[in-house]
There are 2 protein chains.
Amino acid sequence: MSRNANFIDKLREARLRPTKQRVKICELLFNREKTFHFTINDLVKKISEDLNEKISLATVYNTVHAFVKKGYLKEIAINSDKSYFDTNTSTHHHFYDEDTHELIDCEQNNIDSINIKNNITGKKINSVEVLIKVASDNQNHN
Amino acid sequence: MSRNANFIDKLREARLRPTKQRVKICELLFNREKTFHFTINDLVKKISEDLNEKISLATVYNTVHAFVKKGYLKEIAINSDKSYFDTNTSTHHHFYDEDTHELIDCEQNNIDSINIKNNITGKKINSVEVLIKVASDNQNHN
DNA sequence: ATTATACATTATAATTATTCTAAACTATTG
DNA sequence: CAATAGTTTAGAATAATTATAATGTATAAT
Ligand SMILES: [Mn+2]
Ligand SMILES: [Mn+2]
Ligand SMILES: [Zn+2]
Ligand SMILES: [Zn+2]
């Protein structure tokens, strides 16, 4: 229960009511060592597997979007079929495995800092992110 | 008609039958100076405006996907609402204007070449692309 | 040139991800 | 303990995309 207290505080700070569902989702998302990249469907599956409770799809969408808005989660555009979300909310780069459709964080020091020589006039740069698409090495070429 | 002959040849080389619809779409897409970034909806609108003919939505989807497969077009993932396509099929970077939702090519020499120090083991890198999100400069901050 | 075949286009239905709605529920406030 | 404001939920609605099956057309064979 003491770990949940953290999430309740976190939610309160963001002026979100700490409902049972939101705390449960916090547990699943933020109670882990490594970055978690997931789709809504991944999360719904995880909820019904790990917990024994059901949270309605609408609530999962609403909660994830509330977390994105509050900066607890980040949305990543990889393909247009579905949205990916990321517990690593910093500006960072990704490997995308085209075989497994898996997103993997690319450490910041794995790429030298990127300098944009000429920006669009009148606009400010909000983020600069690299997407590295990788695939299995052992393919036959013709 | 001589310009169409080019497209007919292009389609033939890709083993696509040069149907009236495909040639029309080629004209709209490839008969232009600058790179064209578009959604299916953009293209459908352009077809009904510029030409006076109607091409069914299914054919537009099928044709665009055939062109992507043949390497005439490239699909760009920007957000998960809809797919963007690009007449510039080379590996290249983009500015994305978050105000206008417009994609703009970033010249290759505008960014120094990106070196990935450590790749995922057993995988080969297929592409390295940068997405620069920009927005209007004159925002009020609190 | 005519016919046969394979492939393409079309309208429409189906699917899938996502968002909306409105009623029932719950956390917080007085 | 109310009253209130915000939340969850099942299910309907929407929007992008894909599938279906009938009709049409380009190409190959005669
Ligand atoms: Mn697609
Ligand atoms: Mn979204
Ligand atoms: Zn990440
Ligand atoms: Zn481009």
Side-chain angles (χ1 to χ4, degrees), chain A residues 1 4-5 7-28 37-48 51-70 72-73 75-85 101, chain B residues 4-5 7-28 37-45 47-48 51-70 72-73 75-85 101:
Chain A
M1 290 296 154
N4 284 10
F7 296 135
I8 291 174
D9 289 347
K10 190 176 182 182
L11 289 166
R12 282 238 169 77
E13 276 171 37
R15 294 183 186 174
L16 291 173
R17 285 189 182 171
T19 61
K20 193 177 65 173
Q21 291 83 350
R22 283 178 180 157
V23 174
K24 285 290 181 195
I25 292 176
C26 277
E27 283 187 69
L28 279 181
H37 298 100
F38 64 95
T39 65
I40 292 290
N41 193 47
D42 294 336
L43 183 54
V44 166
K45 223 181 288 172
K46 211 159 193 20
I47 289 167
S48 66
L51 317 175
N52 276 27
E53 323 218 1
K54 281 168 195 169
I55 300 181
S56 82
L57 190 57
T59 296
V60 176
Y61 270 103
N62 288 342
T63 303
V64 166
H65 284 154
F67 286 174
V68 169
K69 194 172 175 189
K70 292 301 169 187
Y72 294 173
L73 291 175
E75 191 168 357
I76 312 280
I78 291 298
N79 82 5
S80 313
D81 295 342
K82 55 190 85 173
S83 279
Y84 282 70
F85 299 90
H101 303 282
Chain B
N4 284 9
F7 296 135
I8 291 174
D9 290 347
K10 189 176 183 182
L11 289 166
R12 281 236 171 77
E13 277 170 37
R15 294 185 185 172
L16 291 174
R17 286 189 182 170
T19 61
K20 193 177 63 169
Q21 291 82 351
R22 282 177 181 158
V23 174
K24 286 289 179 193
I25 292 175
C26 277
E27 283 186 70
L28 279 182
H37 298 99
F38 63 96
T39 64
I40 293 289
N41 193 48
D42 294 336
L43 184 53
V44 167
K45 223 180 289 175
I47 290 167
S48 65
L51 319 176
N52 276 27
E53 322 218 2
K54 281 168 194 170
I55 301 181
S56 82
L57 190 57
T59 296
V60 176
Y61 270 103
N62 289 342
T63 304
V64 166
H65 284 152
F67 286 174
V68 170
K69 195 173 176 188
K70 291 303 169 187
Y72 294 172
L73 289 176
E75 192 167 356
I76 312 280
I78 292 297
N79 81 5
S80 312
D81 295 341
K82 54 190 86 175
S83 278
Y84 282 70
F85 298 91
H101 303 284

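Here the structure is a predicted model, which is why all the values come from computation and not from measurement. In what follows, chains carry the letters A, B, and so on, assigned in the order in which the sequence lines appear, proteins first and then strands, with residues in each chain numbered from 1.
- Partners of A:S48 under the side chain to side chain donor-acceptor pair (under 3.5 Å) rule, at least two apart in sequence or in another chain, do not exist in this structure.
- Nearest heavy-atom pair across A:A77 and B:I78 is CB-O, 2.7 Å.
- The separation between A:K69 atom NZ and D:dT7 atom P is 11 Å, rounded to whole Å.
- Summarising the geometry of B:N79 relative to A:S80, their closest heavy-atom pair is O-OG, 4.0 Å, with the distance given to 0.1 Å.
- For the segment residues 39-46 of chain A, the set of residues with a heavy atom within less than 4.0 Å of an atom of DNA chain C is empty.
- In terms of heavy atoms, A:I25 sits closest to A:V60 at CD1-CA, 4.4 Å.
- Residues of residues 16-23 of chain A that place a heavy atom closer than 4.0 Å to DNA chain D, in numerical order, are A:R17, A:T19, A:Q21, A:R22.
- Among the protein residues, A:R12 comes within range of the sugar-phosphate backbone only, with heavy atoms under 4.0 Å from sugar or phosphate atoms but none that close to a base.
- Counting any heavy atom pair closer than 4.0 Å across all strands shown, A:I55 reaches sugar-phosphate atoms only and no base atom.
- Remark on DNA chain D: of its neighbouring residues B:K82 and A:V60, the 5'-side contact belongs to A:V60, judged by nearest-heavy-atom nucleotide.
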Which protein N or O atoms sit under 3.5 Å from an N or O of nucleotides 13-15 of chain C?
none

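- For B:K24, the side-chain contact (heavy atoms from CB on, under 4.5 Å) partners are B:E27, B:L51, B:E53, B:I55, not counting sequence neighbours.
- Here C:dT28 presents its P atom at 15 Å from CZ of A:R15, a figure rounded to the nearest Å.
- Partners of A:T19 according to the side chain to side chain donor-acceptor pair (under 3.5 Å) rule, which considers only residues two or more places apart in sequence or in another chain, do not exist here.
- Computed from coordinates, the B:I47 CD1 to C:dT10 C1' distance equals 14 Å when rounded to whole Å.
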- Please report the C-alpha distance between A:N62 and A:T59 in whole Å, then the side-chain angles of each, then the deciding distance to 0.1 Å, and finally whether the side chain to side chain donor-acceptor pair (under 3.5 Å) criterion is met. CA-CA 5 Å; A:N62 288 342; A:T59 296; 5.3 Å; no
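- Phosphate proximity of C:dT19 to A:Y61: absent, as no side-chain N or O sits under 4.0 Å from OP1 or OP2.
- Checked against C:dT9, D:dT9, C:dT19, the side chain of A:H65 finds its nearest nucleotide in C:dT19.
- Minimum heavy-atom separation, B:K70 to B:A14: CE-O, 3.3 Å.
- In this structure, the side chain of B:R22 does not engage the main chain of B:T63 through any donor-acceptor pair within 3.5 Å.
- Stacking of A:K10 on the aromatic ring of A:Y72 is recorded, both the 6.0 Å distance cut-off and the 45° axial limit being met.
- For B:N79 and C:dA17, the CG to P distance is 16 Å, given to the nearest whole Å.
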